[in-house]
Amino acid sequence: MVYQVYVRSFADSNGDGTGDLLGVRDRLPYLRDLGVDALWLTPFYRSPMVDGGYDVADYRDVDPMFGDLADFDVMIAEAHRLGLRIIVDLVPNHTSDAHAWFAEALAAAPGSAARERYLFRDGRGTDGELPPNDWESIFGGSAWTRVPDGQWYLHLFDPAQPDLNWQHPEVRAEFEDILRFWLDRGVDGFRVDVAHGMVKQDGLPDVGYSSATGQRQVELLGKARLPYFDQDGVHEIYRSWRPILDSYPGGRMAVAEAWAETPQRLARYVGPDELHQAFNFDFMDAVWSVDSFRKVVDTALAEAAVVGAPTTWVLSNHDRQRHVTRYGDGEVGLRRARAAALLMFALPGCVYLYQGEELGLPEVLDLPAEVRQDPSFRRTGESRDGCRVPLPWHGDTPPYGFGPDGSTRSWLPAPTTWGPLSVAAQTGDPASTLELYRAALRARRAHPALTAAPADAEPATMTWLDLGPGVLAFARTGPAGAAALVCAVNLSGAEVHLSGHGEPLLASAPLTARDGGYVLPVDAAVWFERR
């Protein structure tokens with residue numbers, strides 16, 4: 001199980017209001033006790049922070065707001081001592097406009113070698129006054145910005161994030177060296193940002209439609225077929241990275257943040273000669289219905305079987321509204337989020353959690369415009385800041401122990417209602433979301449029907465069950481003679497009576513015993529142990 005740490009919002013060690021690497025180090029025991037196997041750290045590299053660190057100015061150094069390389073070394077050593085692995089974000093599609101390469105490109109003339117590392121082009125129109133094509137930025141507006149000498153450069157995200165030219169051998173060699181730099185420092189893997197980007201279709205052809213015609217080309221997390229995403233050439237890049245990962249001991253890995261038109265195209269990113277995993281975002285997009293969840297699960301497991309790698313399950317991340325809020329207002333959303341967690345933990349594959357979901361945190365929808373920092377907010381009015389509010393650790397008032405004792409600063413303000421959601425408030429309360437997650441992760445690690453089988457053992461199997469309309473249910477079976485586990489989720493809109501499936505092991509809401517069975521409430525999930 002991998003836990004995503006949005007470093008800026010996880011824990012602040014020095015009271016400046018910003019989370020940092022030593023804050024992560026200090027909270028590692030919490031993650032170990034939660035049941036985490038690995039941490040994925042969002043970018044902590046040197047950056048102007050135009051896009052929360054996804055605009056990298058130096059890939060081999062730590063931004064001072066997060067500490068320094070010595071702090072990183074201390075943090076990763078402590079993580080390894082506690083049995084936790086560290087996965088770091090890699091941002092290969094673009095750099096910051098503060099990167100030394102881009103500064104060199106701007107100072108150089110059109111057609112120079114320095115500009116060849118990026119995608120500079122002449123404009124269209126009589127005097128080159130129009131962008132080279134109709135491509136749009138994911139953050140809104142044109143994907144092209146003109147420089148004083150008249151040329152344009154491509155940025156699929158913010159203008160401060162110029163796209164690299166991955167046809168250039170220097171770019172490829174640079175990132176192979178960056179991989180080795182962090183592998184040599186002990187990282188256990190990489191999350192590859194915009195893994196479906198990097199390679200653009202030859203000739204940079206027009207898409208043929210744009211927001212000006214009423215049809216936006218692409219969303220941040222979308223699946224449209226476009227000449228700048230999911231091009232076949234990206235797979236050559238990953239085939240060159242895999243031998244580097246394999247050359248280091250301990251099972252180093254990489255997971256793709258990739259969006260593709262079909263599950264079949266997404267599966268191409270994974271294999272013995274490419275990446276180890278790709279995020280299954282369809283699960284995050286499933287609506288609250290049996291048909292939606294079952295279709296997503298069936299498709300993901302089928303594609304995972306083809307490539308011989310575990311699928312991944314994700315409910316929230318730093319780019320999406322928290323699923324507590326997506327699933328409904330108030331208590332409805334929390335009930336469904338707790339049930340979805342038990343569903344996810346019972347499925348075969350690898351689970352990725354986003355920090356704070358174990359606390360049942362909702363999206364913060366009412367952040368003042370003046371504190372929002374997401375660049376997409378300035379261009380489209382849409383913002384991801386609401387899922388990035390710092391975590392509540394203890395206390396009754398903001399910032400809830402985010403920093404050291406006495407600190408009152410946090411880079412985004414937490415709601416005044418979050419006191420009961422803090423780690424301290426939920427710890428020891430058997431009805432809390434935190435204790436539900438802890439119990440589920442303990443069972444996931446220990447139950448023979450849920451644990452990964454040794455190489456010489458028969459793998460666990462999953463079988464769908466028909467428990468009535470509106471009930472999503474399946475059984476997981478492990479080695480012969482071991483207990484099976486039945487997971488049932490009530491999406492029917494009414495209470496359901498279940499019997500004959502064993503004894504309840506864990507439930508997202510209180511069960512009522514009746515007529516030799518149990519009543520499962522609306523929007524709730526249960527695990528039965530069947531012997």
Side-chain angles (χ1 to χ4, degrees), residues 2-7 38-45 47 51-56 59-60 85-96 99 138 156-157 161 163-166 171-183 185 187-200 220-223 228-248 251-260 265-281 284 304 307 309-314 317-320 350 352 354:
V2 182
Y3 185 98
Q4 181 190 354
V5 171
Y6 194 79
V7 179
L39 283 64
W40 151 30
L41 304 180
T42 55
F44 49 82
Y45 314 111
S47 167
D51 185 23
Y54 285 92
D55 49 317
V56 181
Y59 290 85
R60 296 179 182 83
R85 296 191 170 203
I86 296 294
I87 297 168
V88 300
D89 235 313
L90 186 68
V91 188
N93 180 72
H94 48 264
T95 71
S96 165
H99 192 284
I138 291 169
L156 292 179
F157 293 83
Q161 295 168 287
D163 278 48
L164 288 161
N165 173 18
W166 272 87
V171 173
R172 299 198 177 208
E174 171 72 356
F175 275 86
E176 290 177 6
D177 190 70
I178 291 167
L179 289 174
R180 293 188 179 95
F181 177 86
W182 291 105
L183 290 167
R185 293 197 97 87
V187 305
D188 301 287
F190 300 90
R191 178 263 191 184
V192 184
D193 183 62
V194 196
H196 55 305
M198 295 131 87
V199 175
K200 281 67 175 176
L220 177 62
L221 306 177
K223 297 183 179 180
Y228 45 83
F229 279 159
D230 193 31
Q231 298 296 301
D232 290 342
V234 298
H235 300 287
E236 179 187 340
I237 296 169
Y238 300 132
R239 283 191 290 270
S240 72
W241 288 6
R242 183 59 180 260
I244 297 173
L245 294 166
D246 290 346
S247 70
Y248 285 79
R252 315 296 175 97
M253 59 82 73
V255 55
E257 183 218 22
W259 289 85
R265 288 194 67 84
L266 180 62
R268 298 178 65 209
Y269 288 82
V270 179
D273 63 341
E274 291 199 34
L275 303 179
H276 299 75
Q277 295 178 349
F279 286 121
N280 171 20
F281 291 121
M284 184 164 56
V307 298
T311 190
T312 63
W313 309 109
V314 183
N317 64 26
H318 67 292
D319 284 329
R320 285 293 298 271
C350 182
Y352 283 77
Y354 178 51

Examine the side chains of D55 and S47 and answer whether a donor and an acceptor come within less than 3.5 Å of each other.
-> yes

If you look at every heavy atom in S240 and I237, which pair is closest and at what distance?
-> OG-O, 2.5 Å

Can you name the salt bridge (Lys or Arg N to Asp or Glu O under 4.0 Å) partners of R265, sequence neighbours left out?
-> D230, D232

Does T42 reach the side chain of Q4, with side-chain heavy atoms less than 4.5 Å apart?
-> yes

Considering residues at least two apart in sequence or located in another chain, which fulfil the salt bridge (Lys or Arg N to Asp or Glu O under 4.0 Å) criterion with R85?
-> none

Could you tell me the separation between the CG atom of N165 and the CZ atom of R172, rounded to the nearest 0.5 Å?
-> 9.0 Å

Plane angle bin for Y269 and Y238 - parallel if under 30°, tilted between 30 and 60°, otherwise perpendicular = tilted

Please assess D193 against N93 for the test side chain to side chain contact (heavy atoms under 4.5 Å, CB included), listing each intermediate value before the final yes or no.
-> CA-CA 8 Å; D193 183 62; N93 180 72; 5.7 Å; no

In Å and rounded to the nearest 0.5 Å, what is the CD to CH2 distance from E236 to W241?
-> 12.5 Å

Could I get the full list of ring-ring contact (aromatic ring centres under 6.0 Å, His included) partners for Y3, not counting sequence neighbours?
-> none

Rounded to the nearest 0.5 Å, how far does CD of E257 lie from CG of D319?
-> 6.0 Å

Test ring-ring contact (aromatic ring centres under 6.0 Å, His included) applied to F190 - qualifying residues, sequence neighbours left out = none

Side chain proximity check, I87 to M253, heavy atoms < 4.5 angstrom | yes

Carefully, step by step, assess E174 and L164 under the rule side chain to side chain contact (heavy atoms under 4.5 Å, CB included).
-> CA-CA 11 Å; E174 171 72 356; L164 288 161; over 6 Å; no

Just how far is it from atom CZ of F229 to atom CG of L156, taken to the nearest 0.5 Å?
-> 5.5 Å

Shortest non-hydrogen pair, R268 vs E274, comes out as O-OE1, 3.3 Å

Go through the side-chain N and O atoms of N280 and W313 and say whether any donor and acceptor fall under 3.5 Å apart.
-> no

Between F281 and W259, does the ring centre distance come in under 6.0 Å?
-> yes

Report the relative orientation of the aromatic rings in Y354 and Y6; use parallel for angles under 30°, tilted for 30 to 60°, perpendicular for over 60°.
-> perpendicular

Compare all side-chain heavy atoms of H276 with those of L245 and state whether any distance is below 4.5 angstrom.
-> yes

What do the steps show when you test I138 against Q161 for side chain to side chain contact (heavy atoms under 4.5 Å, CB included), and what is the final call?
-> CA-CA 12 Å; I138 291 169; Q161 295 168 287; over 6 Å; no

Where is the tightest heavy-atom contact between V307 and A267, given as atom of each residue plus distance?
-> CG1-O, 3.4 Å

Closest heavy-atom pair, V192 versus P92, reported as atoms and distance to 0.1 Å, is CG1-CG, 3.9 Å

Output all residues satisfying salt bridge (Lys or Arg N to Asp or Glu O under 4.0 Å) with D246, sequence neighbours left out; order by chain, then residue number.
-> R242

Nearest-0.5 Å distance, NE2 of residue H235 to CG of residue L275 | 9.0 Å

Is it true that F175 and W166 have ring centroids separated by less than 6.0 Å?
-> yes

Closest non-hydrogen atom pair between A258 and L266, with its separation = O-CD1, 3.4 Å

Return yes if some donor-acceptor pair links the side-chain N/O of H99 with the main-chain N/O of H94 below 3.5 Å, else return no.
-> no

Could you tell me whether a side-chain N or O of T312 sits under 3.5 Å from a main-chain N or O of C350, the two making a donor and an acceptor?
-> no

Distance col, row M198:CE vs K200:NZ, nearest 0.5 angstrom, shows 8.5 Å

Of all heavy-atom pairs linking I178 and L90, the shortest is CG2-CD1, 3.9 Å

Residue set satisfying ring-ring contact (aromatic ring centres under 6.0 Å, His included) with Y352, at least two apart, ordered chain then number -> F279

Show the numbers, then the answer: is there a side chain to side chain contact (heavy atoms under 4.5 Å, CB included) between I244 and R252?
-> CA-CA 9 Å; I244 297 173; R252 315 296 175 97; over 6 Å; no

Side-chain contact, heavy-atom cut-off 4.5 Å: R185 with R60?
-> no

Note, V194 side chain near F157 side chain (heavy atom, < 4.5 Å) = yes

